[in-house]
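First up is the structure itself, then whatever we jot down about it.
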Amino acid sequence: MTPRDTFSLAWGSLAYQPGRTLLIALAMSIGVASVVVLTALGEGARRYVLDQFASLGTGLLIVIPGRAETSGGAPGVLSGQTSRDLTLADADAVARLRDVARVAPLNVGVAQVSRGGLSREAVLLGSTAGLLEIRHMHLIQGHYLPAGPNDQATPVCVLGERIRAELFGQANALGEWVRIGDRRFRVIGVLATQGQQMGFDSDETVAIPVAAAQQLFNTVSLFRILVEARGRDAVAAVKEDLLALLKVRHENDADVTVITQDAVLATFDRIFTALTLAVSGIAAISLGVAGVLIMNVMLVSVAQRRSEIGLLKALGATAAQVRGLFLAEAGLIAALGAAVGLLLGLAASFVLGRLYPVLPITPPPWAMAAAVTTALVAALLFAWLPARKAARLDAAQALARR
Amino acid sequence: MIELDSVTRSFQVGDQWVRALRGVSVTIATGEFVSIMGPSGSGKSTLLNLLGLLDRPDSGLYRIDGLDVTALTEAEAARVRREKIGFVFQFFHLVPRLSAADNVALPMMLAGVQPAERRERVVRLLADVGLTQRASHLPAQLSGGQLQRVAIARAMSMNPSLLLADEPTGNLDRSTGREVLALLEELNRRGTTLIVVTHDQEIGARAGRRIAMEDGHVVADSCPSGARP
Ligand SMILES: Nc1ncnc2c1ncn2[C@@H]1O[C@H](COP(=O)(O)OP(=O)(O)OP(=O)(O)O)[C@@H](O)[C@H]1O
Ligand SMILES: [Mg+2]
């Protein structure tokens, strides 16, 4: 029997019971569609996060006090225990390294900011002029922290847009004084609103010179040093130079960790890929369920078509041909369901993409291929048992009508 | 040439063994018209199934044209059925979703005959049984006699040398039954060996050779040598 004849016979029997066929195909298509949509969402989330990172600059290196533990994570952040502090002098030394474009030492804390009767809590960033460019922020008024020696605690501040709005409303803020903690600072600039970026909202921040922040928080150690290399290619070399320099400066103790954008990106990439796989794996279970449905329906079908199967054998069909016929039926249903499922999945992804324009939702081709393959394989696997049953049917008995 | 030698076949029903054939030996020459008669349960259908390779004997020998067919694999037996044996059943057994023409073409499809040749042969086969007008009809649209004629056309589609019919007129009225039998006799005249199981005395009497069965034995054979001219 030619494959074409096998499929046309199989198709004939599927078309003879359209309700049954459509039901199974529907189950298959739901499975395929959910795999497609969920991977599209997962991929969208992954690309969204990666884009966010990329917008922070690809030449970014972050120096964190403390050695990287084998357990990973960001050392010194959770434990707070570091062997030696990062200092402003370290930051100055880093700034003199080759291929370093900008450096921004950073202290972070929370402080009460007030003007007249108005008061509110804000995230206080102690840093230098470099931070503006390193974090890709923009001003709408005035200018940013003054360039100049890092250890100068000039009493000036730059307000995030929301802080400005709450403290000043319609009034002019530039040149006015605000109170932060127990000191007074003059407003020299206002940041353009930028919204949430990597869980950090620059609208809610107030920036002051790092030396002033260290006085406020009564500390000499830095939280981070942000370093921008001249281009992405320089990152690796700068990282090595950084580590070497700080080791020398810290009495030959390699007690800092340098995180590069690439490493963070790679980590997020891995996490999101794993999540996407896990979610689509769960969706693939529904394909297994559809497979079980196929098995049940085909078992019933084999029982109902005993005399037809017996007849085929009497007419000279081999067991393999009978098995092939039933597998072809399962394969055709699965292919039909997968095709419909793909269309459904693409349509749903398109609609979701319209609803959430920030997420780049497009189903990845590998996921579509995997969904279709899984559907076909599941259908054939689960159809194997009924097909084998049909192939082994005793023709004489099936034709006897006892 | 068909040779059966001391063939037995038993079936287990519950914890009982039903001995359907208790040592049957027959030799049937090519081109014979044989009727098999006997009371219900005497083993007629069991014998026919063995002859058609739908079943295998528990013991004994079965040779077709000198070839021992009891030792064939499942696929080899299917091939012999396809190429040498045609079946006609009491309940017609047409595939309900296929037209008369497609039912007739089914054995050729299984044998891998090309569509163009299939169509050509189907036209001739349907013409032979007088159903040219009904080629595109579904089984549900045909009468009993027409169904059986489609089944006969199907049985002949691979031009078998052996035609086995188990009560082919059992579901037909007398006159339709006669027409169907006349058709089978015509095929036999063209050279096909014809073996018909029947309860109908008239049909049995028309056969050139009459075999009577009882309780798994051949109890009478009008021409035991099998050497009919
Ligand atoms: N597959 C089977 N399983 C169990 N018993 C069977 C089977 N096939 C046949 N038999 C038994 O073997 C005996 C012979 O059956 P068979 O069908 O050959 O009789 P028959 O002569 O064709 O009868 P009828 O004229 O009623 O068709 C019967 O007792 C029947 O019950
Ligand atoms: Mg019988």
Side-chain angles (χ1 to χ4, degrees), chain A residues 1-22 298 301-329 332-333 387-402, chain B residues 9 11 13 20 45-56 73-99 102-115 118 138 151 154-155 157-158 160 164 166-167 170-171:
Chain A
M1 191 153 58
T2 63
R4 199 169 147 257
D5 286 337
T6 303
F7 278 108
S8 87
L9 266 187
W11 179 251
S13 100
L14 291 180
Y16 192 61
Q17 288 164 299
R20 190 197 72 154
T21 302
L22 286 180
M298 298 252 310
S301 164
V302 169
Q304 283 172 344
R305 287 157 65 191
R306 278 171 55 86
S307 69
E308 181 187 328
I309 298 164
L311 172 79
L312 286 175
K313 289 190 147 192
L315 298 182
T318 62
Q321 282 177 326
V322 172
R323 190 170 54 230
L325 268 176
F326 278 83
L327 290 179
E329 282 188 27
L332 279 175
I333 292 192
R388 199 182 61 166
K389 221 176 145 152
R392 289 186 177 179
L393 197 78
D394 179 343
Q397 227 164 319
L399 288 165
R401 295 217 174 174
R402 276 166 213 280
Chain B
R9 180 74 170 103
F11 298 100
V13 181
S45 296
T46 305
L47 180 61
L48 211 64
N49 287 337
L50 287 178
L51 290 172
L53 296 181
L54 289 179
D55 197 7
R56 282 167 201 252
T73 65
E74 180 273 332
E76 287 165 346
R79 186 190 172 91
V80 173
R81 282 200 297 275
R82 197 156 65 214
E83 293 175 351
K84 295 198 167 174
I85 303 173
F87 289 91
V88 177
F89 308 94
Q90 179 181 358
F91 296 101
F92 321 127
H93 286 305
L94 297 179
V95 179
R97 62 172 187 277
L98 298 182
S99 68
D102 287 346
N103 266 290
V104 172
L106 207 49
M108 294 186 275
M109 216 174 185
L110 292 169
V113 175
Q114 289 307 306
R118 269 188 338 232
L138 291 175
R154 178 181 66 191
S157 68
M158 288 297 290
L164 302 173
D166 196 348
E167 302 187 34
N171 259 5

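Note that the structure is a prediction, hence the values are computed from the model and not measured. Below, chains carry the letters A, B, ... as their sequence lines are ordered, and counting in each starts from 1.
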Which of A:Arg4, A:Arg305, A:Glu308 touches chain B most, by non-hydrogen pairs under 4.5 Å: A:Glu308

B:Arg97 atom CZ, neighbour heavy-atom count above 12 within 6.0 Å: yes

Partner chain B: residue of A:Asp394, A:Leu9, A:Thr2 with the largest heavy-atom pair count (under 4.5 Å): A:Leu9

Partner chain B: residue of A:Gly12, A:Ala320, A:Ala15 with the largest heavy-atom pair count (under 4.5 Å): A:Gly12

Contact summary for A:Leu315 and B:Arg154, nearest pair of heavy atoms: CD1-CD, 3.7 Å

Greatest number of heavy atom pairs closer than 4.5 Å to chain A - which of B:Ala155, B:Pro107, B:Ala77: B:Pro107

Test side chain to side chain donor-acceptor pair (under 3.5 Å) applied to B:Arg82 - qualifying residues, sequence neighbours left out: none

CZ-CD distance between A:Arg392 and B:Glu74, expressed to the nearest 0.5 angstrom: 11.0 Å

Distance, nearest 0.5 Å, that separates CG of B:Asn49 from CD of A:Gln397: 10.0 Å

Heavy-atom pair with the smallest gap, counting every atom of A:Ser8 and B:Met109: OG-CE, 3.6 Å

Within-4.5 Å side-chain heavy-atom neighbours: B:Phe89 and A:Leu311: yes

Least distance between heavy atoms, A:Gly316 atom then B:Arg81 atom: CA-CB, 4.2 Å

side-chain contact (heavy atoms from CB on, under 4.5 Å) evaluation trace for A:Leu312 with B:Leu106: CA-CA 8 Å; A:Leu312 286 175; B:Leu106 207 49; 3.9 Å; yes

Residue part contacting chain A, namely of B:Pro115, when any heavy atom lies under 4.5 Å: side chain

Residue part contacting chain A, namely of B:Leu48, when any heavy atom lies under 4.5 Å: neither

Where B:Pro96 and A:Tyr16 come nearest, the two heavy atoms and their spacing: CB-OH, 3.7 Å

Smallest separation among heavy atoms of A:Thr318 and B:Ala78, with atom names: CG2-CB, 3.6 Å

